[in-house]
Amino acid sequence: MKKVTLICMSAAFQLITAQQFIYPPTKKAPVTDEIWGQKVQDDYRWMEDVKNPEMVSWLKSQADFTNSQLSKIPGQDQLIKELKQYEKMNPGMNIPAGKSGNRYFYNRKNAGEQVRKLYYRDGENGAEKLLFDPQKFMAGKTMDYNTQISDDGSRIIFNLSESGSELGDVRIMEVSTGKFLADVIPHSEGYFFDTSKSEIIYRQYKSYDVHDPMNNLNLALKLHKIGTPISSDILLASAEKYPELGIKPMDYLGISSYKNSPYVFLGIFTVDPNATYYYALKSDFKNKKTDWKKLVDQSDEIHQMFVDGHDVYFQTPKGNSNFRLIKTSLKNPDIANAKIILDGNSDWKIDRVFQTKDFLVIDQDHNGIQTKIVTYNLRNGKNENLNTNIEGNVMSMPFNERQDDNEIVLINTGWTKPFNVFPYDLPTKKKWENFLTVKFNFPNLENLAYEEIEYPSHDGTMVPLSIVYDKTKLKKDGSNTALMMGYGSYGMIAYTPVFQRNYLPLLNRGVVLAFAHVRGGGEKGNDWYLAGKKTTKPNTWKDFNAAAEYLITNKFTSPEKLGITGASAGGILIGRAITERPDLYKVAIPKVGCLNTLRMEFSANGPVNIPEFGTIKDETEFKALYEMDAFQHIKKGTKYPAQLITTGFNDPRVDSFIPAKFAAKMQDQNASKNPVYLYVDYKAGHFGGSTMDEQFAQLSKEFAFLLNETGNPEFQVK
C-alpha cells in the first residue's frame, strides 16, 4: 500500500511538472520577406498589431499564465518585506529639481511613501512646503512628472503623464498658490524660453497612442504664451517651415538660449550623439522666419554645447576618442581651428559637462568606474581639479540650470557606499551639509566588497568588469548564484558605480553581482562606443559572454548558477548572449528588451533609433540588424536558459510586440526543461511601476525567479 502511494505521488508530481510548461496556444502565420537577397521567415508577424483583439487576448493569456506560475514560487513576500525594510532605512533622500535665487526645489520620497513628491523652501533653512503629490492630482491615478522651474522661481512647467507612457500634457503651476493655471497643452513636452515665465517652447506628439508608428515623427517646435489659446501658438521650427535645413522625420528639434549671450540656438538631434546646431540673434528670433546660420553639423562630432557671451564651447570626440573641450567665437566661428580647453586621456575620459555662472564643471572617469571633477573658469581660462575631501567616487550635477550662481551639488556614492548629496560653492571651494544631506544606517555594509578587473574578450580586447559580493558568504568554488548585468549601447551610457539598496536582498543571500562594461557603451571613450555599434555590434554580446566565462573560470559562479539581465537596448545583449552561448547561463531576464531588431524600425519608437542600430533599407545595416536580432537566432531543438521576458504594455520605447514575439518563438522552439515566461505589466511603461509597491512586486518576481531556478532552498516550490 505504501509503495502504491509513493508511485501515485510520483506520477502526480510528474504530471504537475509536465503541465507546468504547457504554454497558452500561439498561432503561427508565416510571413517570408526577401531582403537584399536573403529570405527572412517570421511566424509571428501578426502580433505586431497590438490592438488586434486576438493579440490583446494572447497577451492576457500569457500574463495570466506567467503570474500563475510565478505565484507558486515561495519567498516573494519575504523579499517584498526586506525591500520595504531597506527602503524605510532611507530617511528621505532629496533630489535637486532646481534653484532660482534663494528658492530651492527638490523631490523626495519619504520612507514608507509610495511616490516621490515635489517640495520647495525659501532658503536652505526655510520652511519646507509641499508643491505636488502625484497621487492626488487625478483620482485613482498616479502621475509621472518632470519639471522645469522658471527663471524667477515663480512658476513651474510640469510634463505630466500616467502609466509610464511618457506621453502626457504640459501644465503650469503658480508656486505662490500651488495651483495649476488653466493652460493645458495635450500630448506634449515643453520648457520655458530664455528668462521668460510666460513663454513656453514645446513639441507636440500626434496623440497619446504609444503604439502609433507615426507618433514620434515630424515633431515641430511651437511657442505658447500663457493665457492665450493653443490655436494661436507660433510655429518656431519644423521641416516644413525650414526645408533648407534638411530636417528629417525622425529628428528632434530643440531651441536653447543663454542668459548672458545675445544668441539663440536651434539644435537638430537624433539618438546619434553628434548634433547639428544653427544660431541666430535673439533679436531676430521671433521674426516670421528666422535667419538660421549653421554653426556645426554631424561631421563636426559635437556632443554638447555651452555658451558664455560670444564664446561657444563644445564637447567632442573628434581628434580624441576620450573627448576634448574646445572653444571658438560666435562672432566668427571656426570649428576647425578651435582652441583646446581640456583633453581627455587614456586615464581620464571627459564624461558629463555642465555650466554655472562662471564655470564649466567637468566630470571625468576612468573605465566608467573611477571619477573625478575638473572645473574650467570662464573668467580666467584656468582648469583646476576639484578637491572635495570626500571618500569614494564623487560626481557633480547642477542645482541651478539657469547659470545664475556657482552653487552645485556633489553626489557621493559607489557599489557599497550609499548615495548622498552635498552642496558645494565653486568660487569659495566650500562644501557643507544641509537638508539635501542624509545619514544612512543600512546593515551589513561592512561586509560588502567589490573588485574591479579587466578580462580578455574574444579578440583579446581587455574589458572592465565590476564584481560586488558579501565577502563573508563568497565561496570560490562555483557554488554562488550570480547575476550579471550589461547594456552596451548609445555610447554615453555606462554602469557607473552606484549603491542600490534594492540589491541588498540578493547580496545578503550570497548572490554575486557583476556589471560588464561591454563595447557599445561609454566606458572607454568614443572608439569603445563605435566598436559595439551596427556592424561591430557582435562585440557587445561577445564581450558579455567572455565576462561569463571569466566568472565561471574563476569560480565566482557556474553555468547552473549564473543569471543575466539587461533592459531596453540591453535586450540585444541578453538575447544574443543566450542564443549564441546558451550553455553559459541558467537564467535570463531581458526586461522591455529590443529582441527583434529587424522589426524595430516599424514600431512607434523605431525610426528615431535608426541612427543607432540601422535600417533594413541599407544592405550593410540590414546584415548588422539581422546579426543582432535575437528572435531570428532562436534555433529549434536548442536547450536555452530559463527566461523571464518582461514588457510594459504602455511602453513608448520598446513596443510590446517585440518581447512578445521573442517569447512566443522561444516557447515553441526551446528544447530544455527550463521555463520561458512572458510577464506583461499593464500599469507600467518602459521604466516599470510608478509606485513603490508596484516596483517591489516586480523586483520580487525577478529575484525569486532567479533564486528559484539557481537552486536556493528558500525559493523552491514544495
Side-chain angles (χ1 to χ4, degrees), residues 273 303 315-317 320-325 342-353 362-374 385-386 388 390-396 411-417 419 448-469 482-500 503 512-533 536-537 539-551 554 556 564 566 569-570 573:
H303 287 204
Q315 180 192 17
T316 177
N320 185 340
S321 174
N322 288 307
F323 294 90
R324 59 180 27 151
L325 283 177
L342 180 67
D343 254 326
N345 55 51
S346 58
D347 290 325
W348 294 105
K349 172 178 70 75
I350 295 174
D351 191 9
R352 295 166 295 272
V353 183
I362 304 116
D363 281 3
Q364 293 191 268
D365 68 60
H366 174 70
N367 285 355
I369 296 167
Q370 294 174 278
T371 63
K372 73 172 184 176
I373 303 171
V374 176
N385 288 329
L386 195 153
T388 63
I390 300 175
E391 182 183 350
N393 276 351
V394 181
M395 297 168 283
S396 61
I411 300 170
N412 180 211
T413 188
W415 298 124
T416 61
K417 189 174 184 60
F419 186 103
L448 300 185
Y450 63 91
E451 298 179 28
E452 303 289 6
I453 64 99
E454 289 191 89
Y455 63 91
S457 189
H458 68 105
D459 57 358
T461 299
M462 300 304 290
V463 182
L465 178 66
S466 303
I467 309 170
V468 187
Y469 52 83
L483 179 63
M484 183 166 66
M485 286 154 268
Y487 188 75
S489 290
Y490 298 106
M492 296 300 289
I493 300 173
Y495 270 117
T496 302
V498 173
F499 179 83
Q500 297 189 51
Y503 287 139
V512 175
L513 300 179
F515 302 86
H517 307 283
V518 297
R519 281 174 281 187
E523 286 85 346
K524 283 192 169 187
N526 201 55
D527 288 348
W528 193 255
Y529 163 48
L530 297 178
K533 180 179 181 179
T536 59
K537 193 66 180 170
N539 286 327
T540 301
W541 62 83
K542 291 179 186 296
D543 287 354
F544 198 69
N545 288 338
E549 291 178 322
Y550 177 90
L551 292 173
N554 289 276
F556 282 98
I564 55 175
L573 169 66

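Computed over heavy atoms, backbone and side chain alike; hydrogens, waters and symmetry mates excluded.
Residues Ser466 and Trp415 have side chains in contact (heavy-atom distance under 4.5 Å, counting atoms from C-beta outward). At least one side-chain heavy atom of Tyr529 sits under 4.5 Å from a side-chain heavy atom of Pro273. Here the side chains of Lys349 and Trp528 are not in contact, with every heavy-atom distance at 4.5 Å or above. Looking at heavy atoms from C-beta onward, Lys417 lies out of side-chain contact with Pro497 at the 4.5 angstrom threshold.
Within the model, atoms CG of Leu530 and OG of Ser321 stand 7.5 Å from one another, a figure rounded to the nearest 0.5 Å. The distance from atom CG of Asn367 to atom CH2 of Trp348, rounded to the nearest 0.5 Å, is 10.0 Å. Atom NE2 in His303 sits 12.0 Å away from atom CD1 in Ile350 (nearest 0.5 Å). In this structure, the separation between CD1 on Ile362 and CG on Asn385 is 10.0 Å, given to the nearest 0.5 Å. Atom CG of Leu513 and atom CZ of Phe556 lie 12.0 Å apart (nearest 0.5 Å). Taken from CG in Asn393 to OG1 in Thr496, the straight-line distance is 8.5 Å, to the nearest 0.5 Å.
Under a 3.5 Å cut-off, the side chain of Asn412 and the backbone N or O of Glu391 do form a donor-acceptor pair. Between the Thr371 side chain and the Asp365 main chain, no donor and acceptor come within less than 3.5 Å of each other. In terms of modelled atom types and a separation under 3.5 Å, the side chain of Asn345 and the main chain of Asp347 share a donor-acceptor contact. Of the possible donor and acceptor atoms, none in the side chain of Gln364 sits under 3.5 Å from a partner among the backbone N and O of Gln370. Between the side chain of Asp363 and the main chain of Met395, no donor-acceptor pair closer than 3.5 Å is present. The backbone N or O of Phe499 lies less than 3.5 Å from a partner atom in the side chain of Thr413, making a donor-acceptor pair.
Closest approach of Glu454 and Met462 over heavy atoms only: O-CE, 3.5 Å. Counting all heavy atoms, side chain and backbone alike, Asn539 lies closest to Ala531 at ND2-O, 2.8 Å. Shortest non-hydrogen contact noted between Tyr487 and Ala569 is OH-CB, 3.6 Å.
If you check the side chains of Tyr495 and Glu523, you find no donor sitting under 3.5 Å from an acceptor. Side chains of Arg519 and Thr536: a donor-acceptor N/O pair is absent below 3.5 angstrom, by distance only.
Every side chain to side chain contact (heavy atoms under 4.5 Å, CB included) that Ala514 has, sequence neighbours left out, goes to Leu465, Met484, Leu551. For the salt bridge (charged side-chain N to carboxylate O under 4.0 Å, His left out) test, no residue two or more places apart in sequence or in another chain qualifies with Glu452. Qualifying salt bridge (charged side-chain N to carboxylate O under 4.0 Å, His left out) partners for Lys537, counting only residues two or more places apart in sequence or in other chains: none. Residues passing the salt bridge (charged side-chain N to carboxylate O under 4.0 Å, His left out) test with Asp527: none are found, sequence neighbours excluded. With sequence neighbours excluded, the residues satisfying side chain to side chain contact (heavy atoms under 4.5 Å, CB included) with Asn320 are Asn322, Arg324, Asp343. Not counting sequence neighbours, the partners of Lys542 by the salt bridge (charged side-chain N to carboxylate O under 4.0 Å, His left out) test are Glu580.
Between Tyr550 and Tyr455, the ring-plane angle classifies as tilted under the 30° and 60° cut-offs.
Considering Ile467, Val468, Val498, Ile369 as possible partners of Phe515, the one that fulfils the side chain to side chain contact (heavy atoms under 4.5 Å, CB included) test is Val468.
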